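I have placed the structure first, in the form of structure tokens, so that the comments after it can refer back to it.
Residue numbering restarts at 1 for every chain, and letters A, B, ... go by the order of the sequence lines. All values reported here derive from a predicted model rather than from experimental measurement.
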Amino acid sequence: MADKRMTADEVAAEVRDGMTIGIGGWGSRRKPMALIRALLRTPVKDLTVVSYGGPDVGLLCAAGKVKRVVFGFVTLDSIPFDPWFGRARETGAIEVTEYDEGMFAAALSAAAQRLPFLPLRAGLGSEVMRVNPGLRTVRSPYPDGEELVAVPAQELDITLVHLNRADARGNAQYLGPDPYFDDLFCLAAKKRFVSVEQVVETAELTGPVQSLLLNRSAVDGVVEAPRGAHFTTAVPDYGRDERFQKHYVACAKDLDAWPGFVDRFLSGDEARYLSEVDRFEAAA
Amino acid sequence: MSATRAEIAVVAVAELFRGDGEIVVSPMGYIPSLGAKLARLTFEPDLLLSDGEAYLIDVEGNVEGWQPFRKMLDTIVPHGRRHVVMGANQIDRFGNQNISAIGDHARPAKQLLGVRGAPGNTANHRTSYWVPRHSRRVFVESVDIVSGVGYDNAAKAGLKYHDVHRVVTNLGVFDFATPDHAMRAVSLHPGVSPDEVTAASGFDIDLSSAGVSREPTDEELRLIREVLDPKGLRDKEVPS
């Protein structure tokens with residue numbers, strides 16, 4: 001029986017320059033932040049990041065690891081804009097493929113279904129079609145003859161997601177209200193790594209069976225990372241750390257303050273990160 | 001007791017949903033969410049209210065349905081039985097809306113959210129917009145990046161389910177019911193002059209048939225003040 005437990009650093013070491021990385025979650029919700037922080041500690045660069053974006057995108061942009069972002073939005077939810085993503089866009093540091101949210105889902109679905117594209121109405125008439133000049137339309141072969149967008153499959157080299165529980169074999173469970181698109185991200189990728197709040201015995205994956213979002217055939221590695229989504233939400237284990245998120249945004253807006261944030265929170269390992277978060281919390 | 005501008009706006013948003021029946025309404029922003037709840041509590045009791053997360057909720061917060069983002073994008077939006085009220089960083093005379101970025105898309109002067117669901121919403125179901133500060137920065141001759149599709153672009157693309165309904169602002173209510181689907185004032189809020197709207201808009205809006213936005217009824221005022229927003233947060237979005 002395969003034991004797929006790994007460390008976050010082992011997962012990060014799987015990522016190579018130029019890869020296309022899918023990141024689960026949505027905005028500033030259930031992002032695999034411990035895996036992102038591990039990625040920040042590697043020299044990897046030129047990544048294409050595919051994400052319903054939150055601070056995962058911002059932090060990777062801040063570290064200069066991003067060549068392209070494939071996105072429908074980047075937001076921190078309670079704070080509308082991520083300053084690092086904004087800076088990367090406004091300085092022309094990165095390229096983007098911008099999609100409507102539904103086009104983005106269709107691109108993942110097409111890859112998951114091993115189809116070259118899926119037809120959609122979303123995008124027609126909008127400037128998504130102009131800013132992505134590679135997009136094509138397709139005409140219905142049926143009597144309606146309607147013209148639709150052919151959203152191309154978005155294949156991924158590696159997917160990173162964060163759920164609440166998993167067993168060592170990779171069966172993984174979300175306990176919050178929304179699965180987001182994490183299962184699609186996994187099915188669209190060649191390699192899939194799941195961090196969780198807690199690794200438990202299979203028999204302890206209790207609760208509604210529908211909460212078992214990923215089965216082990218779609219998971220290549222499991223990382224036990226308590227608070228691994230911090231500072232984004234991982235309800236019901238914890239909500240968003242709004243105070244810390246505000247601190248991230250304040251530092252990200254101020255290029256003089258940013259190196260201090262990196263030194264304190266991102267230059268050490270995950271244990272150091274969490275102990276500094278505790279100290280930050282205690283100083284409130 | 002006379003209504004504040006914020007309360008007029010809440011009622012104007014509620015009126016967006018009149019006749020919608022048993023469909024999902026997705027109000028984005030505080031005043032739109034108050035408006036949707038007010039409509040449900042009064043003249044549109046069958047509305048389904050999305051809380052912006054995974055839940056359909058009633059006004060008391062009871063969960064009556066599950067609607068995670070995946071379901072939203074796979075079926076709710078394309079199926080079409082939805083009325084969304086989105087924001088707009090820019091909007092033009094034909095209802096093209098921009099929430100993506102200001103300036104050139106390749107290297108924007110200001111990166112905003114991204115197009116989010118606006119292209120899909122405007123291709124699939126009824127969409128309205130809420131603008132808390134009606135100004136020339138928002139009401140522009142031409143938007144920088146068409147996110148939500150306006151009438152001219154919808155016609156060119158042959159969008160058969162395109163339905164941009166109305167724009168509600170702190171100054172009035174606007175629709176596109178002119179022969180060429182250019183923006184027209186349905187009503188101006190009490191105390192707002194036509195000149196004020198003209199000065200705050202970067203393109204000509206037909207004001208010739210504008211009425212006055214209706215005042216809340218006594219019962220609507222009570223619901224807004226005592227039930228829906230007892231802390232008066234509405235005044236932060238629209239000061240009087």
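- Under a cut-off of 6.0 angstrom, the local environment of CD in A/E155 is sparse, with at most 12 non-hydrogen atoms contributed by other residues, nucleotides or ligands.
- Each of B/Q67, B/R116, B/M72 has some count of heavy-atom pairs under 4.5 Å with chain A, and the biggest count is that of B/R116.
- Between atom CD of residue A/E127 and atom CG of residue B/N153 there is a gap of 7.0 Å, rounded to the nearest 0.5 Å.
- In this structure, the side chain of A/E90 engages the main chain of B/Q111 through a donor-acceptor pair within 3.5 Å.
- Per-residue counts of heavy-atom pairs under 4.5 Å with chain B were compared for A/A93, A/G125, A/A122, A/P80; the largest is that of A/G125.
- For the options A/T91, A/V74, A/T75, heavy-atom pairs under 4.5 Å to chain B are most numerous at A/T91.
- Chain A forms the most heavy-atom pairs under 4.5 Å with one residue out of B/A157, B/G158, B/A109, B/P108, and that residue is B/P108.
- Atom CZ of A/R29 sits about 4.5 Å away from atom CZ of B/F69, to the nearest 0.5 Å.
- Shown here for A/V128 and B/P119, the closest heavy-atom pair between the two residues is CG2-CG, 4.1 Å.
- Contact annotation for A/R87: neither backbone nor side-chain heavy atoms come within less than 4.5 Å of a heavy atom of chain B.
- Listed options B/G52, B/G148, B/P68, B/G103 were ranked by heavy-atom pairs under 4.5 angstrom with chain A; first place goes to B/P68.
- Nearest approach of A/S126 to B/S147, heavy atoms of both residues: CB-O, 3.7 Å.
- Note on B/A123, B/G117, B/A155: by heavy-atom pairs under 4.5 Å with chain A, the leading option is B/G117.
- Within the 4.5 Å cutoff, the side chain of B/K160 has heavy atoms near those of the A/E146 side chain.
- Using a 4.5 Å heavy-atom cutoff, the side chains of A/L184 and B/R70 are in contact.
- Of the two parts of B/S100, the backbone and the side chain both hold a non-hydrogen atom closer than 4.5 Å to a non-hydrogen atom of chain A.
- Neither the backbone nor the side chain of B/A154 comes within less than 4.5 Å of any heavy atom in chain A.
- In this structure a side-chain-to-backbone donor-acceptor pair under 3.5 Å is present from A/D100 to B/G120.
- Remark: B/D235 CG is packed, more than 12 non-hydrogen atoms of other residues, nucleotides or ligands lying under 6.0 Å away.
- Heavy-atom distances place both the backbone and the side chain of B/V115 under 4.5 Å from chain A.
- Proximity to chain A is limited to the backbone of B/A106, based on heavy atoms less than 4.5 angstrom apart.
- In terms of heavy-atom proximity, B/L113 sits nearest to A/F71 at O-CE1, 4.3 Å.
- Contact annotation for A/D183: only side-chain heavy atoms (C-beta onward) come within less than 4.5 Å of a heavy atom of chain B.
- Closest of all the heavy-atom pairs between A/E101 and B/L73 is O-CD1, 3.4 Å.
- Residue B/L112 touches chain A through both its backbone and its side chain, counting heavy-atom pairs closer than 4.5 Å.
- When all heavy atoms of B/K110 and A/F81 are compared, the pair lying nearest together is NZ-CD1, 4.2 Å.
- The CD1 atom of B/I145 sits 6.5 Å away from atom CZ of A/R130, with the distance rounded to the nearest 0.5 Å.
- When heavy atoms are compared at a cutoff of 4.5 Å, A/Y52 approaches chain B solely by way of its side chain, counted from C-beta outward.
- Counting only distance, with no hydrogens or angles, the side chain of B/N124 and the backbone of A/R121 share no donor-acceptor pair below 3.5 Å.
- Across all their heavy atoms, B/Y55 and A/P177 have their closest contact at OH-CB, 3.2 Å.
- Between A/V96 and B/H105, the closest side-chain pair of non-hydrogen atoms falls below 4.5 Å.
- Atom CZ of B/R133 has 12 or fewer heavy atoms from other residues, nucleotides or ligands within 6.0 Å.
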